[in-house]
Amino acid sequence: MDSVSHNRIFIVSIFGPTAVGKSRIAVDVAQALDGEIISADSMQLYAGLPILTDQPDADLIEAVPHHLVGIIPLDQEYSAGRYAREAAGVIRDIHARKKLPLVVGGTGLYIRALLGGFSFAGKGDVAGRVRWEELIEEQGTAVALAHLNMLDPQAAAAVDSRNHRRLVRALEAAEGNGAAGSLERDRLWSSDSPYSVLSIGLQESRDELYRRIDERVDGMLAGGVIEEVKKARGMTVSRTVSQAIGFKDICEYLDGRASLEEAAASIKQKSRRYAKRQLTWMRKMPDIVRIDLAGRSASAVAGEIEGLIRSHRQKPQTDG
C-alpha cells in the first residue's frame, strides 16, 4: 500500500495553459501508473463541440478512461460547485477500484473547487464568489467590470479592476452578498480537503506556447470546427457555451461580419489572453511542482512526472 495518508485519497493534479500538451502527457502518465483521467476543463464538459473545445481525440480516450468529457448538453449551464460534487464522486469510484485519479485541465477555478476543500452547500457567499470568479476567468475583466457598472456604477468607477479579488468583492457587495471578507475567503485552499494532492504545473516558453496556440487554431479551422459551430448555433446553447473561445468569432464569420483570417486572428489573441490567466492561476496554487517542457517530448515529461509520483507515494504523509 502507498505510504500516503490512509485517511485521504491520493490524487495527482496536472494543470497548465491551453495548448501546452496536457492531454498527451496525462495519458502517458495514466498508462504507466494504472490511472484514469478526470477532466478539469469547463468547456470540454460539453457535448457537441469536441473540436472547438479541444477534447481529447478518440485515440487518447481509447487508451485511458476519461471522465467528465463531452457529457453536458449544449443548452445547460454548469458551475464550479456542480463540478466539485460530480468530480468528487468520480474520484471516489476510481479510488475504490484501486486506480490512480488524475485531475487534468486548465480551468483553475474548477480545480480549486474540487481540491480546495470548500463546501458549496448552504454557503451563499462562497457560491456567489465562485460565480463571479468564474465569469472573470472565462470572459475576462472587462466583462466583469461591465456587470459591476450595471449593478453599482460608483463601485465600478472606484474599484481597481486589475485586482481580481477586489473586483469580485465589489461584485458581491453590489449584488447584496456583502463584501466583508474572512480569512477563509482570502485563502485559495481550505485545510479540510479530503485529498492528498500532488500538483504538477506544466509551463512552456511564451514564444513556443504562442506557436502551439496558433497551430491549434489553424488546425481546428481546417479540421471542421466551422461546420461544428454552424450545427451548434442552430440549437439552443447556454450562456457558458456561447462564451467559449472561438464560438462568437466563427459565428461572425458565418454571418459575413468577419473574414476567416479575422476570425482566426481573434481566436488566437483570445487564446493567448486565456493562457496568461491560466498561468496566473498556476502561480496561486500552493505546493505546485512546476515542470518546464522546454521543447521536450510528451513521453519525456510524462516520465519525469511518473518519477515524482512514485517518490511522493513513498513519503510519509500527515493529515494536518
Side-chain angles (χ1 to χ4, degrees), residues 4 9-30 32-33 35 37-44 54 56 60 64 66 68 80 83-84 87 91 100-118 133-134 136-138 164 187-190 193 195-213 216 271-313 315 317:
V4 295
I9 297 174
F10 177 56
I11 291 175
V12 176
S13 170
I14 300 178
F15 181 84
T18 185
V20 80
K22 297 182 293 292
S23 296
R24 176 73 262 177
I25 292 169
V27 164
D28 287 351
V29 173
L33 299 177
I37 293 171
I38 305 102
S39 173
D41 188 297
S42 62
M43 293 301 174
Q44 289 185 3
D54 193 42
L60 295 181
V64 169
H66 284 65
L68 302 184
Y83 172 80
I91 288 171
L100 174 65
L102 291 100
V103 177
V104 181
T107 302
L109 185 61
Y110 277 28
I111 290 179
R112 176 187 179 183
L114 172 63
L115 304 182
F118 291 101
E133 288 175 341
E134 190 171 16
I136 292 172
E137 178 169 352
E138 298 296 342
H164 288 179
R187 291 166 55 189
L188 183 63
W189 310 101
S190 164
S193 173
Y195 309 113
S196 172
V197 184
L198 173 60
S199 294
I200 306 293
L202 304 179
Q203 56 190 24
E204 183 59 276
S205 70
R206 183 177 66 177
D207 288 346
E208 175 61 16
L209 183 61
Y210 286 2
R211 186 196 69 77
R212 291 188 183 197
I213 287 172
R216 171 182 290 178
S271 297
R272 290 169 184 163
R273 289 175 179 167
Y274 182 50
K276 289 180 181 178
R277 293 198 294 273
Q278 290 172 304
L279 290 170
T280 297
W281 267 102
M282 187 186 295
R283 288 192 291 270
K284 292 179 182 179
M285 292 178 174
D287 303 320
I288 192 167
V289 180
R290 299 186 189 183
I291 295 180
D292 194 339
L293 274 62
R296 292 187 294 161
S297 68
S299 60
V301 176
E304 182 177 347
I305 295 173
E306 290 160 27
L308 288 169
I309 294 170
R310 295 182 195 279
S311 296
H312 188 87
R313 282 173 150 173
K315 292 180 181 178
Q317 305 290 312

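- In this structure, CG in Leu102 is found 9.0 Å from CD1 in Ile305, a value given to the nearest 0.5 Å.
- The closest side-chain heavy-atom distance from Thr107 to Tyr83 is not below 4.5 Å.
- To the nearest 0.5 angstrom, Ser205 atom OG is 9.5 Å from Leu293 atom CG.
- If you take NE2 on His312 and CD1 on Ile200, they are separated by 9.5 Å, rounding to the nearest 0.5 Å.
- Residues Ala84 and Ala113 come closest through the heavy atom pair CB-O, 3.5 Å.
- The closest side-chain heavy-atom distance from Leu109 to Trp281 is below 4.5 Å.
- The shortest side-chain heavy-atom distance between Leu60 and Val64 does not fall under the 4.5 Å cut-off.
- Of the inter-residue distances, the one linking Ser199 atom OG with Met285 atom CE reads 7.0 Å to the nearest 0.5 angstrom.
- Checking Lys276, Arg283, Arg277 one by one against Thr280, the side chain to side chain donor-acceptor pair (under 3.5 Å) holds for a single residue, Arg283.
- With hydrogens and angles ignored, the 3.5 Å screen pairs no side-chain donor or acceptor of Arg290 with any backbone N or O of Gly201.
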Worked verdict on Leu308 versus Ile291 for side-chain contact (heavy atoms from CB on, under 4.5 Å)
CA-CA 11 Å; Leu308 288 169; Ile291 295 180; 3.9 Å; yes

Walk me through whether Leu114 and Tyr195 qualify under side-chain contact (heavy atoms from CB on, under 4.5 Å).
CA-CA 10 Å; Leu114 172 63; Tyr195 309 113; 4.0 Å; yes

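- With rounding to the nearest 0.5 angstrom, the CD1 atom of Ile111 is 4.0 Å from the OG atom of Ser13.
- Here the options are Lys22, Arg296, Glu306, the test is side chain to side chain contact (heavy atoms under 4.5 Å, CB included), and the partner is Val301; only Arg296 passes.
- Contact annotation: the side chain of Glu204 never approaches that of Pro17 to less than 4.5 Å [non-hydrogen atoms, C-beta and beyond].
- No side-chain heavy atom of Asp41 sits under 4.5 Å from any side-chain heavy atom of Asp54.
- Under the 4.5 Å side-chain criterion, counting only non-hydrogen atoms from C-beta, Leu202 is in contact with Ile25.
- Tyr110 places none of its side-chain heavy atoms less than 4.5 Å from the side chain of Val103.
- In summary, Arg211 and Asp207 do not engage in a salt bridge, as defined by a charged side-chain N under 4.0 Å from a carboxylate O.
- Residue Arg212 comes nearest to Ala19 through the heavy atom pair CD-O, 3.2 Å, listed as atom of the first residue, atom of the second, then distance.
- In this structure, the side chain of Gln278 engages the main chain of Thr18 through a donor-acceptor pair within 3.5 Å.
- Note: Ser297 OG to Arg24 CZ = 10.5 Å, rounded to the nearest 0.5 Å.
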